[in-house]
Amino acid sequence: MLTVHRIAVGAAAGTAVLALAATGCGSSNSNSSKTEKPSTGTTAPATPNPAAPTLSATEVDKVGTVVTDSNGYVLYRFDKDTAKPSHSNCLAACAAIWPPAPATDALSVKGIDKALVGQVTRPDGSKQLTLAGWPLYRYAKDDEPREAYGQGAGGTWFAITPTGAKATADTGGGTTSGGVMTPPGGSGY
C-alpha cells in the first residue's frame with residue numbers, strides 16, 4: 001500500500017504544479033495538504049485544487065477601485081488592444097513586461113459582474129482573461145500586491161475598473177509628464 005500512497009501524492013503534487021503554471025500564480029511559501037489513501041488497490045485520480053482563481057474589486061491607494069488577481073496584484077488594460085472583438089496586441093517583448101492574465105475554466109469573482117468576464121485566445125494559443133472584452137495583464141514592475149506603477153504608462157496602460165473602464169487616477173509612484181505617469185525605472189512599454 002505504500003506504493004499506492006506515493007503515486008497518489010505524486011499525482012496530487014503534479015496537479016498542483018500544473019494548476020500553478022496555468023494560473024501564473026505561485027508562492028515561495030507552499031502549504032502542504034494530506035492526500036487520502038485510496039480505499040481500493042488502484043490509484044485514484046488526484047483531486048483538483050478547490051480554490052479557483054479569483055478576480056476582486058479592490059481599493060488601491062491613489063487609483064481607486066480596480067480589479068486585482070487572486071494574489072492582490074492590480075490588473076491592467078491596454079489601449080492598443082480591442083474589446084469588440086477581444087484582441088491582444090501585446091506580444092513578445094511587450095508580454096514580458098505586461099504578462100497576460102491566464103484564463104482558466106474555474107474562476108470566481110468578488111465585486112465584479114461575472115457576465116463581464118471572458119477569455120480570448122492569444123496568437124500562441126494560450127487563453128487570456130478579459131473583462132468587458134478587454135484583455136487583462138499584470139505589470140512586471142508591480143512587485144507587491146496593490147501596487148499600480150503601471151497606471152498611465154506610455155499613455156496606453158491603465159488599471160482596469162470592475163466595469164472594464166480605465167482607472168483615471170495615477171499612483172504617484174512614477175513621474176508625470178503631460179498627464180501621463182512614467183513608472184520608476186522606465187517607460188513601461
Side-chain angles (χ1 to χ4, degrees), residues 11-28 30-31 33 45-58 60 63 65-151 153-154 156-167 188-189:
T15 300
V17 169
L18 288 175
L20 289 173
T23 61
C25 300
S27 173
S28 59
S30 62
N31 294 329
S33 61
T47 305
N49 185 351
T54 303
L55 294 182
S56 301
T58 305
V60 174
V63 181
T65 301
V66 296
V67 177
T68 57
D69 66 12
S70 296
N71 295 317
Y73 287 93
V74 172
L75 296 175
Y76 297 87
R77 57 178 266 182
F78 183 38
D79 281 351
K80 294 182 181 180
D81 285 349
T82 59
K84 295 182 183 181
S86 294
H87 180 74
S88 171
N89 287 308
C90 179
L91 308 171
C94 175
I97 297 169
W98 299 93
T104 64
D105 290 334
L107 179 74
S108 63
V109 295
K110 291 181 183 176
I112 300 166
D113 182 354
K114 188 152 186 168
L116 294 176
V117 179
Q119 58 182 270
V120 64
T121 302
R122 294 179 55 78
D124 66 3
S126 64
K127 304 286 185 187
Q128 182 176 3
L129 277 173
T130 62
L131 181 62
W134 290 101
L136 300 178
Y137 303 87
R138 285 259 330 267
Y139 182 46
K141 293 184 181 183
D142 287 349
D143 55 2
E144 295 288 332
R146 299 174 80 169
E147 286 184 341
Y149 287 118
Q151 174 65 12
T156 57
W157 289 96
F158 297 91
I160 194 164
T161 70
T163 61
K166 39 184 160 174
Y189 198 80

Starting at [atom1] of [X], measure out to [atom2] of [Y] and round the result to the nearest 0.5 Å.
{"X": "Y76", "Y": "D142", "atom1": "OH", "atom2": "CG", "result": "3.5 Å"}
{"X": "D143", "Y": "R138", "atom1": "CG", "atom2": "CZ", "result": "9.0 Å"}
{"X": "D69", "Y": "L129", "atom1": "CG", "atom2": "CG", "result": "9.5 Å"}

Taking all non-hydrogen atoms of both residues into account, name the closest pair between [X] and [Y] and its distance.
{"X": "V60", "Y": "A148", "value": "CG1-CB, 4.4 Å"}
{"X": "A83", "Y": "A132", "value": "CB-O, 3.6 Å"}
{"X": "G164", "Y": "W134", "value": "O-CD1, 3.6 Å"}
{"X": "S86", "Y": "V120", "value": "O-CG2, 3.3 Å"}
{"X": "D81", "Y": "C90", "value": "OD1-N, 3.8 Å"}
{"X": "P162", "Y": "I112", "value": "O-CG2, 3.9 Å"}

Qualifying residue, where the test is side-chain hydrogen bond (donor to acceptor under 3.5 Å, both in side chains) with T121 and the options are K127, Q128, H87: K127

Taking the ring of W157 and the ring of Y139, is the distance between their centroids below 6.0 Å? no

Test of understanding: with salt bridge (charged side-chain N to carboxylate O under 4.0 Å, His left out), list the residues that count as partners of K166, not counting sequence neighbours. D79

Looking at [X] and [Y], would you say the former's side chain and the latter's main chain have a donor-acceptor pair under 3.5 Å?
{"X": "S56", "Y": "T58", "result": "no"}
{"X": "K141", "Y": "I97", "result": "no"}
{"X": "Q151", "Y": "A159", "result": "yes"}
{"X": "R122", "Y": "S88", "result": "no"}

Sequence neighbours excluded, the answer for side chain to side chain contact (heavy atoms under 4.5 Å, CB included) partners of T163 is T161, A165

So, using side-chain hydrogen bond (donor to acceptor under 3.5 Å, both in side chains) as the criterion, who are the partners of [X] when residues are at least two apart?
{"X": "D105", "value": "none"}
{"X": "T82", "value": "none"}
{"X": "Q119", "value": "none"}
{"X": "Y73", "value": "none"}

Exceeds 12 heavy-atom contacts within 6.0 angstrom, atom NZ of K84: no

Let me see the working for F78 and Y137 under side-chain contact (heavy atoms from CB on, under 4.5 Å), right down to the final yes or no. CA-CA 8 Å; F78 183 38; Y137 303 87; 4.1 Å; yes

Between T54 and S108, is there a side-chain donor-acceptor contact under 3.5 Å, judged purely by atom types and distance? yes

Verdict with supporting geometry, L131 and L55, side-chain contact (heavy atoms from CB on, under 4.5 Å): CA-CA 10 Å; L131 181 62; L55 294 182; 5.5 Å; no

